[in-house]
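Contents: one structure, followed by commentary.
None of the values given here were measured: they were computed from a predicted structure. A, B, ... follow the sequence lines: proteins, then strands. Residue 1 opens every chain. Quick note: numbers below take in every heavy atom, side chains included, and nothing from hydrogens, waters or symmetry partners.
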2 protein chains.
Amino acid sequence: MATPGSGFWSFGSEEGSGDAENPGTAKAWCQAAQKFTGGIGTKLCALLYGDGEKPMETGAKEGLGSAEKTPACTCNNKPCSCQKADINYAFLHSTDLLPACNGEITTLSFLQDVMDILLQYVVKSFDRSTKVIDFHYPNELLQEYNWELADQPQTLEEILLNCRTTLKYAIKTGHPRYFNQLSTGLDMVGLAADWLTSTANTNMFTYEIAPVFVLLEYVTLRKMREMIGWPGGCGDGIFSPGGAISNMYAMLIARFKMFPEVKEKGMAAIPRLLAFTSEHSHFSVKKGAAALGIGTDIQIPYTPPYNGFVPFLVSATAGTTVYGAFDPLLAIADICKKYKIWMHVDAAWGGGLLMSRKHKWKLNGVERANSVTWNPHKMMGVPLQCSALLIREEGLMQSCNQMHASYLFQQDKHYDLSYDTGDKALQCGRHVDVFKLWLMWRAKGTTGFEAQIDKCLELAEYLYNKIKNREGYEMVFDGKPQHTNVCFWYVPPSLRSMEDNEERMNRLLKVAPVIKARMMEYGTTMVSYQPLGDKVNFFRMVISNPAASHQDIDFLTEEIERLGQDL
Amino acid sequence: MATPGSGFWSFGSEEGSGDAENPGTAKAWCQAAQKFTGGIGTKLCALLYGDGEKPMETGAKEGLGSAEKTPACTCNNKPCSCQKADINYAFLHSTDLLPACNGEITTLSFLQDVMDILLQYVVKSFDRSTKVIDFHYPNELLQEYNWELADQPQTLEEILLNCRTTLKYAIKTGHPRYFNQLSTGLDMVGLAADWLTSTANTNMFTYEIAPVFVLLEYVTLRKMREMIGWPGGCGDGIFSPGGAISNMYAMLIARFKMFPEVKEKGMAAIPRLLAFTSEHSHFSVKKGAAALGIGTDIQIPYTPPYNGFVPFLVSATAGTTVYGAFDPLLAIADICKKYKIWMHVDAAWGGGLLMSRKHKWKLNGVERANSVTWNPHKMMGVPLQCSALLIREEGLMQSCNQMHASYLFQQDKHYDLSYDTGDKALQCGRHVDVFKLWLMWRAKGTTGFEAQIDKCLELAEYLYNKIKNREGYEMVFDGKPQHTNVCFWYVPPSLRSMEDNEERMNRLLKVAPVIKARMMEYGTTMVSYQPLGDKVNFFRMVISNPAASHQDIDFLTEEIERLGQDL
């Protein structure tokens, strides 16, 4: 199967029949854009009409740094003479940028040109006539360009081209037809906030060097605890580098709560531990158990007795990765209470539903948990990464992890030291992940998140209703999905009349991978597939992308049928 | 002590005597800027002449969202009528941005206005006449503004104001006089790369969703291994969320190498473990030992015998946090070889010296390590965060951490699966940290990093030579610093003739905290202090900021003397 397209981005029509010479949608946009003054209209036109990535298939290995590129101007005079004639990136290097003496103008020009590249990418990301991905195999990309690191510097012209090339082959994770992961979409306020975070370029360990971000983490974590249902939002927490680490933190703190001596004396000083989690829980629970020296050996189905083992943790899941299922949290809470076991809820995926008055009942009982993992970078569409671990008991996290490094957490500083939160983390330096969530929350309000999430669930139900009785589809589990996960097999015509035997199974398991490969090569959409237990490869559709519409759901099924009918 | 300044940024002179009405430096820049066409000249002028943050001390609690703000235009017509009259953010919300229907123009305008705020911040960051920090106590900031998260959305006008306010109180970590942490400076290419990373908004677990970034991680880690001295750059590695996690990975993998059964059976199935590290090593080694269930109890000085304990790891340090000292790696390598112990080198801080032909001898022996932590976000000035763990043995990391999640790492994909590197991480989702390092390396070349690092070491030597015999200074350790850490006490005149007794000690230990507090309140510079062992509070000057010059070193000593002379 050939990869279609010449490398030009098309804006002509939904079917991608346009070209850079005769853009349809682009022209209409441009006419509208020209009504605006202040350079934005012209800029938008420039973004839409060409100025796109040129294919660099000739020149190969040298291509990444050799093509010519004149930055677009943003003035309103047409024709204009603004070719930034004074700034020729071909003769400039990073040493000409700030902090270089008199580097201000070059720096502003360079950063603005980078920004133009990014803005162009942003606009394209939402354009259904562009590809989700311009797929190339690893060896193709490695051979087509020279990505190597050398002794000598490249010019700023080459650096700008590196940026264009990198984005040319990037997945458009904000594309309305990108459904591949639990984290999809590109939120404009979240993006702006992440740019600001990069610019502030600081670290979360102390108030001293991140005053506002530390306060915002405090405010945001308290609000999240309120949403969980802990009285007054009391408790503790941290933004950590992803749900897996959040889950590991929970396990670490649960162990410390039961056996505080483990911190100093290690696992040798305490009984053997047992953690409970469901078969469908995230694999990070096992990764955490391996790392913490607990071991992964004992798995459900739990077969007692394990003499001498002490159960210390139940990790319930609110929104499993594949099915989007919710464990019965109230029943689990009762058991944990009875046996005095730490109750952790991995709501990395399901936590977003707490923002929805319509759907939050699915997490009933989460308020009785001792700890909760909640990833706003999933269902809430916050840019990657943004994962929170919330803890009900205050101070425990600090006791568990602190090592009192005196060079960082001086005790004789002139401000309230309770804002130096770094010592409760496993990390020393910690990336600022809170600002994008905080700013998005300010921009949307809780009600805005609610609307966004309700819409995704409504779309999932639309898909479910559409395919549950449709010819060529079989649902993987019975009943309406609890989350936006819709799991199904597409059964090509050639298999539909076959008996349900091993041969059919062996053919069916190849269907999803082939359709997926074709999707990627055409670049039209992306959706995940996997086997699970005794179920062969099936599609797992998830909807967390606020850009998706009914039309995109229709497109997905049409595309699956188009790409799979010959199998 | 009052916090000086009204909240206006001053550009007048080094002493900060200018104001927005009469900017000195700004005027000169602006005259130069006007020679440039294409909007950049005008934009620079707009950035320099006012348009800065207005103090919002009236209105208090409501201030964060209430002040008026008209975005600056970027056209060349003076006087112009480009007030973006059509885009009034006071009536717009995040729901008017993409993916909203016809949201392109509003989105481009909004993102451009955010970018203007960021560019303004960038330019100011390098201006010595601006403050490093506009310090306020936590309660002041909490009371002055309303940071709370509400049900209802804010307007885009308020969101832009939120961005300005956040940056108003941020530390200018790129400021030439910011020396507070091992990570300082703001690299323009690195910043651009981080913006691009945010815009691409993807995850490192598979080639499928991060094709270019996965390849760049492969290329960059191999290059780093080459710099370490491993033949052909062979081996393994990962970018992890900070040096502490990198060190924990090393410990995890070392344990697995010696006792692979620990993964499944836990610590109960293996002997008690012993790790060696120096007193001055980073506290993350202890945090890691606590988390992994090894325990922190046994510390050096090592007093044998510990019957039944098995030594499994030596964590040597190349560049300690406070003194910048290098452990004797060759001698340690001999011992590790003799006793078959995993040799880890924590070169989070010192690794950058591998880029320098003049200084890399300080890491002689690192090529014999089994694993190396190296944080490019420290000495190499890459934006936060960027930490690499390098492993000499290939495949070990995968065996240690993999859990074969079939929904992520499908084995029947259509491309070379060796590029799906996610299963070797403890994390599931992993932030893209490689691109900023890769792009900076392309822009500087190895020689550019070398020049930048050599300059920092030269500045540290300049400081050392300046103060080692200067009245009022005492060095904390003898001899020339190995890294850029210069540790010293400033002794105020009142203490200079005192006998070296307890009373003097008790007074001396208060000197650094007071000077530091004054520095922050004036906002003129920032440098760290701490006690260490029996040594009372001393200043630890570190230089990793490429913007710093001899003039800034001179400024630092003058400032310490000015702020400390009355103590």
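- For chain B, the nearby part of A:Asn180 is the side chain; its heavy atoms alone come within less than 4.5 Å.
- Atom CH2 of A:Trp438 sits about 5.0 Å away from atom OG1 of B:Thr166, to the nearest 0.5 Å.
- Of all heavy-atom pairs spanning A:Asp194 and B:Ser198, the tightest one is OD2-OG, 3.0 Å.
- A:Leu384 CG to B:Asn203 CG: the interatomic distance, rounded to the nearest 0.5 Å, is 5.0 Å.
- Residues A:Leu191 and B:Asn201 are not in side-chain contact: their nearest non-hydrogen atoms beyond the backbone lie 4.5 Å or more apart.
- In this structure, OH on A:Tyr121 lies 8.5 Å from CG on B:Leu196, to the nearest 0.5 angstrom.
- Pairing each heavy atom of A:Pro153 with each of B:Thr447, the nearest pair is CD-OG1, 4.1 Å.
- A distance-only check finds no donor-acceptor pair linking the side chain of B:Glu264 to the backbone of A:Thr296 [under 3.5 Å].
- Of the residues considered (B:Pro138, B:Pro99, B:Ala268), B:Pro138 shows the highest number of contacts with chain A, using heavy-atom pairs under 4.5 Å.
- In this structure a side-chain-to-backbone donor-acceptor pair under 3.5 Å is missing from B:Thr446 to A:Gln152.
- You'll find the side chain of A:Met440 stays beyond 4.5 Å of the side chain of B:Ser94, heavy atoms only.
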ask   = Under the side chain to side chain contact (heavy atoms under 4.5 Å, CB included) criterion, do A:Gln112 and B:Gln112 qualify, and how do the steps go?
value = CA-CA 9 Å; A:Gln112 184 60 53; B:Gln112 184 60 54; 2.9 Å; yes
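- One N or O on the side chain of B:Lys287 and one on the backbone of A:Asn401 form a donor-acceptor pair closer than 3.5 Å.
- Side-chain N or O atoms of A:Arg442 include one that pairs as donor or acceptor with a backbone N or O of B:Glu148 at under 3.5 Å.
- Across all non-hydrogen atoms, the minimal contact from A:Phe110 to B:Ala192 is CE2-CB, 4.1 Å.
- Side-chain polar atoms of B:Asp412 and A:Asn537 form a donor-acceptor pair below 3.5 angstrom.
- Heavy-atom pairs under 4.5 Å with chain A peak, among B:Gly429, B:Cys163, B:Cys400, B:Gly448, at B:Cys163.
- Take A:Lys413 and apply the salt bridge (Lys or Arg N to Asp or Glu O under 4.0 Å) test, not counting sequence neighbours, and it matches A:Glu208, A:Asp420.
- The part of A:Tyr419 that comes within reach of chain B is its side chain, from C-beta onward, which places non-hydrogen atoms under 4.5 angstrom from that chain.
- Heavy-atom distances place both the backbone and the side chain of B:Ala291 under 4.5 Å from chain A.
- In this structure, B:Gln427 contributes its side chain and A:Gly242 its backbone to no donor-acceptor pair below 3.5 Å.
- Here the OG1-CG distance, from B:Thr202 to A:Leu186, works out to 11.0 Å after rounding to the nearest 0.5 Å.
- In this structure, chain B has heavy atoms under 4.5 Å from both the backbone and the side chain of A:Ala547.
- Contact of A:His377 with chain B is not made at all, since no heavy-atom distance falls under 4.5 Å.
- Here the two rings, on A:Tyr137 and B:His414, have centers that are under 6.0 Å apart.
- Interface summary for chain A: among B:Leu97, B:Asp416, B:Thr197, B:Leu426, the most heavy-atom pairs under 4.5 angstrom belong to B:Leu426.
- Taken from CG in B:Leu215 to CG in A:Leu142, the straight-line distance is 4.5 Å, to the nearest 0.5 Å.
- B:Leu111 touches chain A through backbone and side chain together, each having a heavy atom under 4.5 Å away.
- Within the 4.5 angstrom heavy-atom criterion, no atom of B:Ser387 approaches chain A.
- For A:Thr95, no part sits under 4.5 Å from any heavy atom of chain B, backbone or side chain.
- Here the side chain of A:Thr107 pairs no donor or acceptor atom with the backbone of B:Met188 at under 3.5 angstrom.
- When the candidates B:Thr199, B:Leu439, B:Asp187, B:Leu156 are compared by the number of heavy-atom contacts under 4.5 Å with chain A, B:Thr199 comes out ahead.
- When all heavy atoms of B:Cys428 and A:Ala244 are compared, the pair lying nearest together is N-CB, 3.6 Å.
- The side-chain heavy atoms of A:Phe213 and B:Ile171, taken from C-beta on, include no pair separated by under 4.5 Å.
- Proximity of a side-chain donor or acceptor of A:Gln385 to a complementary backbone N or O of B:His431 within less than 3.5 Å is detected.
- In this structure, A:Asn162 and B:Phe435 have side chains that are not in contact, with every pair of non-hydrogen atoms separated by 4.5 Å or more.
- At a 4.5 Å heavy-atom cutoff, the contact between B:Lys265 and chain A is made by backbone and side-chain atoms alike.
- Across B:Arg430, B:Met520, B:Arg540, the residue that shares the most heavy-atom pairs under 4.5 angstrom with chain A is B:Met520.
- Only the side chain of B:Phe126 comes within contact range of chain A, with heavy atoms under 4.5 Å apart.
- Rounded to the nearest 0.5 Å, atoms CE (A:Met115) and CH2 (B:Trp195) are 5.0 Å apart.
- Both the backbone and the side chain of A:Leu118 come within contact range of chain B, each with at least one heavy atom under 4.5 Å from a heavy atom of that chain.
- A:Thr173 approaches B:Ala200 most closely through the heavy-atom pair OG1-O, 3.2 Å.
- A:Gln410 contributes a side-chain N or O that, together with a main-chain N or O of B:Tyr529, makes up a donor-acceptor pair within less than 3.5 Å.
- Proximity to chain B is limited to the side chain of A:Thr321, based on heavy atoms less than 4.5 angstrom apart.
- If you look at A:Tyr415 and B:His136, their ring centroids are not closer than 6.0 Å.
- Side-chain atoms of B:Trp441 never come within 3.5 Å of backbone atoms of A:Leu149 as a donor-acceptor pair (strictly under, hydrogens ignored).
- In terms of heavy-atom pairs under 4.5 Å with chain A, the best-connected choice from B:His282, B:His404, B:His93, B:Met248 is B:His282.
- When all heavy atoms of B:Leu98 and A:Val123 are compared, the pair lying nearest together is CD1-CA, 4.4 Å.
- Interface remark: B:Lys510 contributes no atoms to any contact with chain A (heavy atom separation under 4.5 Å).
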